[in-house]
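One structure below.
Residue numbers begin at 1 in each chain, while the letters A, B, ... track the order of the sequences. Keep in mind that the numbers below use all heavy atoms, side chains included, and drop hydrogens, waters and symmetry copies. Values in this document were obtained by computation on a predicted structure and should not be read as measured data.
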Amino acid sequence: MDSEFAAVVEHMPFILGGLGVTLQLFAYTVIVTILVAFVFGLARLSRHRWLSWPAGAVVELFRGTPILAQLFWAFYVLPFFGIDLAPMLSALLVIGFNQGSYSSEIVRGGILSVPPGQWEASRALGYRPLTAFGSIIFPQALAIMIPPFTNIMISLGKFTAVASLVTVPEMTSRAMAVRSATGATMQVLLLILVLYFALSLAIAFAMGRLEKWAGSRYGATSGGSDAALTQPTGAVA
Amino acid sequence: MNHGLWNWEFAAHVLPELLKGLAATLHISVVSGTIAVALGVAWAVLLELRMPVVSHAVRGLIELVRGTPLLVQLYVAFYVLPMYGIMASAEVTGIAGLALYFSGYMTAVIQAGIRSVPPGQWEAARAIGFTPARTWWTVVLPQALRKVLPPIGSYLLLVLKESSMLSAITVSDLLHAANTIGSDNFRYVEPLTIAALIYFAISYPFARVLRVLESRLDVNR
């Protein structure tokens, strides 16, 4: 037992380096997820079919298949078509598009949940449609979106672990390497469980602050993050 | 065999193997999903009863499974538990891990359902002499579960999709079958694409049904 504990201490810098890769991957997937969520969420609300239909097809495709199947497809199949992405890039694109697709429903729902009276009032006040959307509808929708987005952000932190299956040297893959090299199975797995849990707590805390800020600025119209927890991450539109 | 982007002959050749994997995936999803709902109900009731130590333990367990990656939890179940003499096949270990993970998510939904049952239902049940246990079973839980059927359905759909994670602990499910065929033949295009299409063919209609169900329940509210 003691030698196994010593092995974990000895390999600690290696695993913490993996945590660095995990955090990097997390940051990239947050950016891709938010971009995909807003681009596709808004495109699906468009009156133009050539915009809303393809957006809907991509979203349904990503929501209808497992993230691992998508990841392996990007890793093993895309090279057949001449698209050879680095493991890190394929992981961040797949995780980002997958969770972004779920999140596009949050964006769509958030905008649709702003009462129509707000549109009418802004028209009565002489706002142009685009200005009304940007300065009246969108900020209110944003405040509604934050609680469900908290769940997405926590999911993103956890989903980074699947990148270990396509050779990205993040925390889980390094832990598994240390495990097979030292046999300190329990110690190393417990260590990364604790680190992932701390990451989830940090994300939840940061999103809680964001929610409070948006609530005080734009008026919280939602039931808070506890209500959001009862909804799966956008699994039903 | 390695000619062209898509080989129909190879696709037809690997289909039976993939369907065998699909059978395993369906079996895993149904068993795991059922256990997840049952555990979710158990956790929700225990939390609603507000027993001092039990509630905290349940709350802690739920936070833990929801705050860490499913993949790492599966590794713990697969590699660590046997060191303590808990021996089970990879499939049984995977089913249990998947069920525990999703029970954490089901709990919040079911709790919301329980709280949506009007207090008058409790009072009426007491007035006609029902014991608390009987009230839970025959009055509260049936109403609670009916109300939250759509979100539970979405989680069951996630159970199906996330069951593919079990391929990482050597369980021969649909995705594992596709990967094995791919690495044996150095050709991943057909098996992985067909596997993805099979997942989609199950998941998409199921999601559509849930959407209809959800809008129906909305009208009744």
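- Judged as a side-chain contact (heavy atoms from CB on, under 4.5 Å), and not counting sequence neighbours, the contacts of Ala44(B) are Thr107(B), Ile110(B), Gln111(B), Ile114(B).
- With a 4.5 Å cut-off on non-hydrogen atoms, Glu63(B) touches chain A through its backbone and its side chain both.
- Neither the backbone nor the side chain of Leu70(B) comes within less than 4.5 Å of any heavy atom of chain A.
- Looking at Phe200(B), both its backbone and its side chain come within 4.5 Å of chain A, counting heavy atoms on both sides.
- In terms of heavy-atom pairs under 4.5 Å with chain A, the best-connected choice from Leu197(B), Leu175(B), Ile202(B) is Leu175(B).
- Interatomic distance, OH of Tyr75(B) versus CD1 of Ile192(A), reported as 9.0 Å (0.5 Å rounding).
- Separating the CZ atom in Arg66(B) from the CZ atom in Phe197(A) is a distance of 10.5 Å, to the nearest 0.5 Å.
- Val189(B) has its side chain within reach of Phe81(A): a pair of non-hydrogen atoms, C-beta onward, lies under 4.5 Å apart.
- Separating the CG atom in Leu78(A) from the CG atom in Leu192(B) is a distance of 10.5 Å, to the nearest 0.5 Å.
- In this structure, CG in Asp173(B) is found 9.0 Å from CG in Leu68(A), a value given to the nearest 0.5 Å.
- Only the side chain of Ser167(B) comes within contact range of chain A, with at least one heavy atom under 4.5 Å from a heavy atom of that chain.
- Going from atom CH2 of Trp73(A) over to atom OH of Tyr188(B) covers 14.5 Å, rounded to the nearest 0.5 Å.
- Proximity to chain A is absent for every atom of Ala195(B), based on heavy atoms less than 4.5 angstrom apart.
- Rounding to the nearest 0.5 Å gives a distance of 14.5 Å between OH of Tyr76(A) and OG1 of Thr193(B).
- The residues Glu60(A) and Arg211(B) are annotated as salt-bridged, a charged nitrogen and a carboxylate oxygen being separated by less than 4.0 angstrom.
- Of the listed residues (Leu190(A), Leu199(A), Leu195(A), Leu189(A)), the greatest number of heavy-atom pairs within a distance under 4.5 Å of chain B belongs to Leu189(A).
- Residues of residues 176-184 of chain A that come closer than 4.5 Å to chain B, counting heavy atoms only, are Met176(A), Arg179(A), ordered by residue number.
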- [ ] Could you walk me through whether Met186(A) and Tyr84(B) pass the side chain to side chain contact (heavy atoms under 4.5 Å, CB included) test, one step at a time?
- [x] CA-CA 10 Å; Met186(A) 188 186 68; Tyr84(B) 291 90; 2.8 Å; yes

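- Considering every non-hydrogen atom in both Gly67(B) and Ser200(A), the closest pair reads O-OG, 2.6 Å.
- The main-chain N or O of Arg63(A) is found under 3.5 Å from a side-chain atom of Lys161(B) such that the two form a donor-acceptor pair.
- Met165(B) touches chain A through backbone and side chain together, each having a heavy atom under 4.5 Å away.
- Partners of Leu93(A) by side-chain contact (heavy atoms from CB on, under 4.5 Å), not counting sequence neighbours, listed by chain and number: Leu85(A), Leu89(A), Phe97(A).
- Taking non-hydrogen atoms and a 4.5 Å limit, the residue list of residues 164-172 of chain A in contact with chain B, ordered by number, reads Ser164(A), Leu165(A), Thr172(A).
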